[in-house]
Protein chains: 2
Amino acid sequence: MPTDDDIFRALADPSRRRLLDRLHVTDGQSLGDLCEGLAMTRQAVAKHLAMLEAANLVVAVRQGREKRHFINRVPINEIAERWIGKFDQPRLSALSALKQHLEGEDND
Amino acid sequence: MPTDDDIFRALADPSRRRLLDRLHVTDGQSLGDLCEGLAMTRQAVAKHLAMLEAANLVVAVRQGREKRHFINRVPINEIAERWIGKFDQPRLSALSALKQHLEGEDND
DNA sequence: ATGACAGGCAACCCATTAGTTGCCTTTAAG
DNA sequence: CTTAAAGGCAACTAATGGGTTGCCTGTCAT
């Protein structure tokens, strides 16, 4: 079972987010597919995918000599619920609230 | 203006998430406050806070010789909307969908 | 069976980063 | 004015991480 940390750290890298994007566009791609057009070796991509798998953001299935990769939305949802939910308890656009708070410090 | 990457990478570290948690419980804490009970030097905490500030996840205000830190929910919201929203277009609990997809590969 | 294709494994390199120590600046209090 | 408290700055260290190269394994086609 991946921890919160696995997920956050997997999402921290732009290359990995890009891979997730590509899978979002076309799900079930092989390693070779995912390498196309990237300025990276196959091995680098494989490592990234391994981390995404470890974080359970991607589920991979070996199919013959290929390996299909599928995006898994569940961990992102959990993060969203545990984190965004928590920080949004007061109200969703806390922007103005914070600004008012800070500006209020002055003329108090 | 912080980039997506700033935010993701700021969130990637457990210590920084912990700091955000503490600010979520008690907003407006000083550096000294935030150091209490942590197995880290003040300088380490200061660095983390600097990164959170750079990502705009925390807004700090100098008040006399103290520096108050306030959590800012806006970037998290943006991430949530841009990312979770994107990946949840189909439906919020894509869990079963994915499972069915994978299991479908077998008995096909 | 043999060759080509898709991927896995392991060692290594360089850059980043989390953390430290040591010292300097600013502000409040006696 | 002096001193202690709250931070800031800078240099350094150790570990992590993204990426590479080189080679091995397994699978499909001929």
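- Taking only side-chain nitrogens and oxygens, B:Thr41 never comes nearer than 4.0 Å to OP1 or OP2 of C:dT21.
- Looking only at side-chain heavy atoms (C-beta outward), A:Leu49 and A:Leu34 come within less than 4.5 Å of each other.
- Atom NE2 of B:His69 is separated from atom C1' of D:dA6 by 11 Å (rounded to the nearest Å).
- To the nearest angstrom, C1' of C:dC14 lies 12 Å from NZ of A:Lys47.
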Considering only distance and modelled atom types, tabulate donor-acceptor pairs under 3.5 Å from the side chains of residues 37-47 of chain B, sequence neighbours left out.
residue : atom : partner : partner atom : Å
B:Thr41 : OG1  : B:Ala44 : N            : 3.4

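- Between D:dG8 and B:Lys67, a contact under 4.0 Å exists linking OP1 or OP2 to a side-chain N or O.
- Nucleotide C:dC24 holds its P atom 14 Å from the CZ atom of B:Arg42, rounded to whole Å.
- Look at B:Asp13 and B:Arg18 and you find no salt bridge, because none of the NZ, NE, NH1 or NH2 atoms lies under 4.0 Å from a carboxylate O.
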Every protein N/O lying under 3.5 Å from an N/O of nucleotides 3-5 of chain D:
residue : atom : partner : partner atom : Å
D:dA5   : N3   : B:Arg65 : NH1          : 3.3

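- The distance from atom CG of B:Leu31 to atom P of C:dT26 is 18 Å, rounded to the nearest whole Å.
- The cluster map of Ile, Leu, Val, Met, Phe, Trp and Tyr, joined by side-chain heavy atoms under 4.5 Å apart, puts A:Ile79 and B:Leu20 in the same cluster.
- In this structure, CD of A:Gln29 is placed 14 Å from P of C:dA6, rounded to the nearest angstrom.
- Using a cut-off of 4.0 Å between Lys/Arg side-chain N and Asp/Glu carboxylate O, B:Arg17 and A:Asp4 are scored as not salt-bridged.
- Between A:Glu66 atom CD and D:dC28 atom C1' the separation is 11 Å, expressed in whole Å.
- Ion pairing between a basic and an acidic side chain is recognised when a charged N comes within 4.0 Å of a carboxylate O; B:Glu36 and B:Arg22 show no such pairing.
- Using modelled atom types, no side-chain atom of A:Arg68 and backbone atom of A:Arg62 make a donor-acceptor pair closer than 3.5 Å.
- Atom CZ in B:Arg62 sits roughly 7 Å away from atom P in D:dG7 (whole-Å rounding).
- Distance CG (B:Asp13) to P (C:dT16): 18 Å, rounded to an integer number of Å.
- If you find the closest nucleotide of DNA chain D to A:Gly64 and to A:Ala39, the one lying nearer the 5' end belongs to A:Ala39.
- Candidate nucleotides C:dC23, C:dG7, D:dT20 were compared by shortest atom distance to the side chain of B:Gln43, and C:dC23 ranks first.
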